[in-house]
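Residue numbers begin at 1 in each chain, while the letters A, B, ... track the order of the sequences. For clarity, every value in this text was computed on a predicted model and none was experimentally measured. Excluded from the calculations below are hydrogen atoms, water molecules and symmetry mates; all remaining heavy atoms, backbone and side chain alike, are included.
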2 protein chains.
Amino acid sequence: MGIAKTEIFTEAQNEIALFAKAFGHPARVAILQHLFKINTCVCGDLVSEIGLAQPTISQHLKELKQLGLIKGNVEGTSVCYCINPDVWSKMKQIMTEFLDQDLCDNGSCC
Amino acid sequence: MGIAKTEIFTEAQNEIALFAKAFGHPARVAILQHLFKINTCVCGDLVSEIGLAQPTISQHLKELKQLGLIKGNVEGTSVCYCINPDVWSKMKQIMTEFLDQDLCDNGSCC
DNA sequence: TTGTTATATTGCAATATTACGATTAAAGAA
DNA sequence: TTCTTTAATCGTAATATTGCAATATAACAA
């Protein structure tokens with residue numbers, strides 16, 4: 001198929017998967033890390049910073065923007081991107097809750 | 001292409017992406033959550049718990065196992081799966097470090 | 001042995017993702 | 001206006017992912 005059966009899962013499960021998918025490509029990881037480092041936004045030097053073609057970077061930025069993790073600001077002919085702190089912290093909470101699950105640790109077979 | 005250019009990214013970036021990809025599908029999220037809940041491992045009732053066909057669940061389990069996030073234990077005709085706490089906490093540390101990045105917050109354009 | 005049960009593997013169809021060349025669009029400079 | 005720069009979009013090729021029916025495998029029961 002290639003298409004996930006999202007109907008059979010909870011909203012929460014689908015949301016975790018959606019955010020996780022955003023980090024599921026090293027280019028998007030690199031973009032986000034760079035945006036955190038160069039906090040005063042950043043324009044298209046992401047293209048030279050990361051070694052991918054301009055349309056490719058643009059596509060990755062679009063995905064991150066659609067999720068709300070980053071914002072884009074037009075400045076003349078260039079566009080400034082930056083982390084959207086509100087969505088980032090909401091996402092962080094959701095992911096952390098998932099990662100922090102505890103094994104009740106009362107013996108097991110493995 | 002469909003193939004990520006992993007060579008141009010750091011090991012750390014690729015590792016984050018690999019783990020994130022594991023959570024990038026709601027079925028795998030559901031499997032992991034269930035394994036945490038039913039801590040005393042779990043066999044193939046994952047198939048009935050989650051609403052996907054047996055081969056599909058088996059395939060998702062294989063991916064999680066390859067990453068080391070879960071372990072499988074053969075018990076007669078059935079197989080018991082459970083979280084691998086060591087790999088899980090290593091992964092948690094890596095992901096948390098990524099999620100905990102801070103904006104240096106000295107003004108920006110967005 | 002034969003049957004049964006539980007899981008893995010194979011093969012394949014449908015769809016998604018990644019990447020980039022070519023092109024377009026929009027802003028500013030000359 | 002025309003040229004340049006920057007970024008988005010289009011189109012497309014290569015590959016990956018998801019899902020399942022069919023089949024194989026392995027352990028046990030009868």
Side-chain angles (χ1 to χ4, degrees), chain A residues 1-9 13-14 17-31 34-35 41-67 70-82 109-110, chain B residues 1-9 13-14 17-31 34-35 41-67 70-82 109-110:
Chain A
M1 297 249 133
I3 185 170
K5 283 191 150 182
T6 51
E7 334 85 58
I8 66 175
F9 301 102
Q13 287 164 340
N14 284 316
L18 268 185
F19 279 127
K21 218 195 278 190
F23 308 139
H25 192 290
R28 291 190 291 268
V29 170
I31 288 172
H34 198 251
L35 288 182
C41 286
V42 138
C43 336
D45 42 25
L46 279 164
V47 173
S48 38
E49 179 69 22
I50 302 171
L52 292 171
Q54 179 264 320
T56 307
I57 295 292
S58 204
Q59 196 173 295
H60 285 304
L61 286 169
K62 192 181 174 184
E63 284 176 59
L64 293 172
K65 202 168 148 192
Q66 270 169 345
L67 259 181
I70 64 174
K71 293 189 277 189
N73 224 33
V74 180
E75 303 218 334
T77 58
S78 52
V79 178
C80 254
Y81 283 100
C82 60
C109 59
C110 293
Chain B
M1 296 248 134
I3 185 171
K5 284 190 151 182
T6 51
E7 335 86 59
I8 66 174
F9 301 103
Q13 286 164 341
N14 284 315
L18 267 185
F19 279 127
K21 218 196 277 190
F23 308 139
H25 192 290
R28 291 190 292 268
V29 170
I31 288 172
H34 198 251
L35 288 182
C41 284
V42 139
C43 335
D45 43 24
L46 280 164
V47 173
S48 39
E49 178 70 21
I50 302 171
L52 292 171
Q54 179 266 319
T56 309
I57 296 291
S58 202
Q59 194 173 297
H60 284 304
L61 287 169
K62 192 179 174 186
E63 284 175 60
L64 293 172
K65 202 169 148 193
Q66 271 170 347
L67 258 180
I70 64 175
K71 293 189 278 188
N73 225 33
V74 179
E75 303 216 334
T77 58
S78 53
V79 178
C80 252
Y81 283 100
C82 61
C109 60
C110 291

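One can place CG of A/Asn73 at 16 Å from C1' of D/dA8, the figure rounded to the nearest angstrom. Between the P atom of D/dA8 and the CD atom of A/Glu63 lies a distance of 13 Å, rounded to the nearest Å. Distance, B/Leu64 CG to D/dT17 P: 13 Å, rounded to whole Å. The distance from atom CG of A/Leu61 to atom C1' of D/dA7 is 10 Å, rounded to the nearest whole Å. When rounded to the nearest whole Å, the span between CD1 of A/Ile3 and P of C/dT17 equals 10 Å. Between B/Leu67 atom CG and D/dT17 atom P the separation is 11 Å, expressed in whole Å. Taking atom NE2 on B/His60 and atom C1' on D/dG19, their separation rounds to 8 Å, with Å as the unit. Computed from coordinates, the B/Lys65 NZ to C/dT7 C1' distance equals 10 Å when rounded to whole Å.
Between A/Ile50 and A/His34, every side-chain heavy-atom pair lies at or beyond the 4.5 Å cut-off. Using a 4.5 Å heavy-atom threshold, the side chains of A/Leu52 and B/Phe9 count as touching. Contact check for A/Lys71 versus A/Lys65: no side-chain heavy atoms found under the 4.5 Å cut-off.
Between A/His25 and C/dA19, a side-chain N or O to OP1/OP2 separation shorter than 4.0 Å is present. Using a 4.0 Å cut-off, no side-chain N or O of B/Ser78 falls inside it from OP1 or OP2 of C/dA6. Contact annotation: A/Lys21 side-chain N/O to C/dT17 OP1/OP2 distance is under 4.0 Å. B/Tyr81 has a side-chain polar atom (N or O) that falls below the 4.0 Å cut-off from OP1 or OP2 of C/dA8.
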Would you list the protein and nucleotides 26-30 of chain C atom pairs, both N or O, that sit under 3.5 Å from each other?
none

Can you tabulate the close N/O pairs, meaning under 3.5 Å, that link protein atoms to atoms of nucleotides 20-24 of chain D?
| from | atom 1 | to | atom 2 | distance (Å) |
| --- | --- | --- | --- | --- |
| D/dC20 | OP1 | A/Lys5 | NZ | 2.7 |
| D/dC20 | OP2 | B/Ala53 | N | 3.0 |
| D/dC20 | OP2 | B/Thr56 | OG1 | 3.2 |

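Comparing A/Thr6 and A/Lys62 against DNA chain D, the residue whose closest nucleotide sits nearer the 5' end is A/Lys62.
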